[in-house]
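Residues take their numbers from the sequence shown, with the count starting at 1.
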Amino acid sequence: MKKILQELINGKISVETAEKMLKTMQIAELEDFAKLDAARDLRTGFPEAIFAEGKDDQELVKIIKDCANRGRVLVTRLGEDRYLKIKEEINNLLKKGFQVEYNNKARILLIKDGEIEKRGKIGIITAGTSDVPVAEEARIVAEEAGCDVLVSYDVGVAGIHRLFSQIRRMIEKDVKAIIVVAGMEGALPSVVAGLVDVPVIGVPTSVGYGVGTGGFAALNAMLQSCAPGIAVVNIDNGFGAAVFAATIVKQL
C-alpha cells in the first residue's frame, strides 16, 4: 500500500490506477481453493491467520508461501505430525532472514522476520495443566498482536490458594486484561472477575468428562456467571480470546 501511495504522490500513476491497484491488492486468489484477505490487518489490526484443519498439505504449503511473500505467517491447529511432513518444503520456500518457530502444545507455526514491538500487557491463567494447550495458543497469538504476556498455569478452584499470589503479581505488573482458560465446571473466570478491575475473557476448554464432555458445561457456566466484567469466547478458542484481549489493550 505504501508503495502505491508513494507512486501516486510522485506522479508515476494516476488516481484511477492507484484505486484499481488498492482494490485488487486486498484479495489474493490462489488457484480455485483460497482467496486470502491480504488487507485484514489494515482493517482490523490483526492479519489473517491460516487455519490448517480441512486443507490438504499442498494447499497449505501454497497458502503459506503466498503469505510469507507479504510478511509474517501464523498457522493455527497444525499438528506436529503434519508439520514434520511439510517442514522441509516450507523451509525451502522462505526468504533469507525469516525464522520458523513451531509450538507443539499450541499447534501453531509462526514464520517471522523479526520481533514485534510490544505495547501493553495481558495475563493468561489456566485452571489445570490440561488447559495449557489452549492457553499457549492464546499466548502466542497475543504476543503476535503486540502484547507482553504474563502466564500462570494450573491455579484452578480445586486448590484456590494457588491463585491469589498470581493475581496479585499480574495486577502489580499492570495487566489490562486477563484471559482465563478452564474446562470441567468452568468456575475460574467467575472467581478471577470477582478479584480484579480489568476485563476477564473466559475460554472454556473441551477438557472434561460426563456432563462436562466437550466443554459445554464450562461454556454454560461462564455464560451464566454472576460476576460482572466477563466476556466468553467459544470452546477451545484461544485465538479469539487473544485477539479480543489485544484489541482491548490497544484502545488504552
Side-chain angles (χ1 to χ4, degrees), residues 1-4 21-22 24-120 122 124 133-149 151 179 233-234 236-247 249-250:
M1 180 176 285
K2 288 181 180 179
K3 181 180 178 182
I4 295 171
M21 292 172 71
L22 288 171
T24 55
M25 73 172 284
Q26 292 183 24
I27 300 294
E29 294 196 25
L30 288 180
E31 300 176 17
D32 60 350
F33 62 85
K35 293 177 177 60
L36 306 179
D37 189 356
R40 185 175 299 182
D41 57 336
L42 297 174
R43 294 196 317 274
T44 69
F46 195 83
E48 182 178 24
I50 302 169
F51 184 66
E53 292 179 6
K55 300 173 178 67
D56 69 38
D57 291 347
Q58 286 310 303
E59 288 174 346
L60 187 58
V61 168
K62 288 177 182 178
I63 292 170
I64 290 171
K65 178 183 177 181
D66 184 87
C67 291
N69 286 335
R70 288 181 273 112
R72 301 169 76 88
V73 183
L74 183 71
V75 184
T76 65
R77 303 299 169 95
L78 178 64
E80 185 176 22
D81 290 345
R82 256 193 106 184
Y83 167 62
L84 292 175
K85 281 175 61 180
I86 63 175
K87 177 180 178 180
E88 186 175 351
E89 195 169 357
I90 290 172
N91 288 337
N92 291 336
L93 293 173
L94 298 180
K95 295 181 275 187
K96 288 183 179 179
F98 276 86
Q99 297 172 277
V100 178
E101 295 180 1
Y102 178 74
N103 185 300
N104 181 44
K105 269 197 185 303
R107 293 186 295 159
I108 282 182
L109 172 65
L110 176 61
I111 300 171
K112 61 183 186 178
D113 52 357
E115 299 302 321
I116 288 178
E117 183 181 354
K118 297 296 191 292
R119 173 188 167 192
I122 69 168
I124 301 179
V134 175
E136 279 291 283
E137 179 181 79
R139 178 185 66 80
I140 293 170
V141 173
E143 289 174 344
E144 275 298 287
C147 296
D148 277 317
V149 181
V151 302
I179 296 172
V233 298
N234 204 356
D236 292 336
N237 190 10
F239 176 90
V243 174
F244 183 53
T247 302
V249 168
K250 289 178 181 180

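Distance check, rounded to the nearest 0.5 Å: CD1 of I111 to CD1 of I90 gives 5.5 Å. Atoms CG and CD1, on L110 and I140 in that order, are 7.5 Å from each other to the nearest 0.5 Å. Taking CG from N104 and CG from D81, the interatomic distance works out to 9.0 Å, rounded to the nearest 0.5 Å. Within the model, atoms CZ of R77 and NZ of K55 stand 12.0 Å from one another, a figure rounded to the nearest 0.5 Å. Here the CG-NZ distance, from D57 to K85, works out to 4.0 Å after rounding to the nearest 0.5 Å.
Legend: residues meeting salt bridge (Lys or Arg N to Asp or Glu O under 4.0 Å) with K112, ordered by chain and number and at least two apart, are E101, E115. Checked against side-chain contact (heavy atoms from CB on, under 4.5 Å), D56 has the following partners two or more places apart in sequence or in another chain: Q58, E59. V151 pairs by the side-chain contact (heavy atoms from CB on, under 4.5 Å) definition with I124, R139, V149, Y153, not counting sequence neighbours.
Contact of the E143 side chain with the I116 side chain is not registered, since no non-hydrogen atoms from C-beta on lie closer than 4.5 Å.
Here the shortest heavy-atom pairing between A145 and K250 reads O-CE, 3.1 Å. Taking each heavy atom of V233 and G240 in turn, the nearest pair found is CG1-C, 4.3 Å. When all heavy atoms are compared, the tightest approach of G120 to V249 is CA-CG1, 3.5 Å. Taking all atoms of both residues into account, the shortest heavy-atom contact from A106 to E137 is CB-N, 3.5 Å. Among all heavy-atom pairs drawn from Y102 and G79, the shortest one is OH-C, 3.1 Å. The two atoms that bring L78 and L60 nearest to each other are CD1-CD2, 3.8 Å, heavy atoms only.
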Would I108 and V141 count as a side chain to side chain contact (heavy atoms under 4.5 Å, CB included) if you check the C-alpha gap in whole Å, the side-chain angles of each, and the deciding distance to 0.1 Å?
CA-CA 9 Å; I108 282 182; V141 173; 4.1 Å; yes
Assess whether side chain to side chain contact (heavy atoms under 4.5 Å, CB included) is satisfied between V73 and L109, documenting all intermediate values.
CA-CA 8 Å; V73 183; L109 172 65; over 6 Å; no
K87/N91 under side chain to side chain contact (heavy atoms under 4.5 Å, CB included): CA gap, chis, key distance, verdict
CA-CA 6 Å; K87 177 180 178 180; N91 288 337; 3.7 Å; yes
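Annotation for Y83: atom OH counts as buried by contact number, over 12 foreign heavy atoms lying within 6.0 Å. Within a 6.0 Å radius of NZ in K118, more than 12 heavy atoms belonging to other residues, nucleotides or ligands are found.
Salt bridge R82/E53: absent, no basic N to carboxylate O contact under 4.0 Å.
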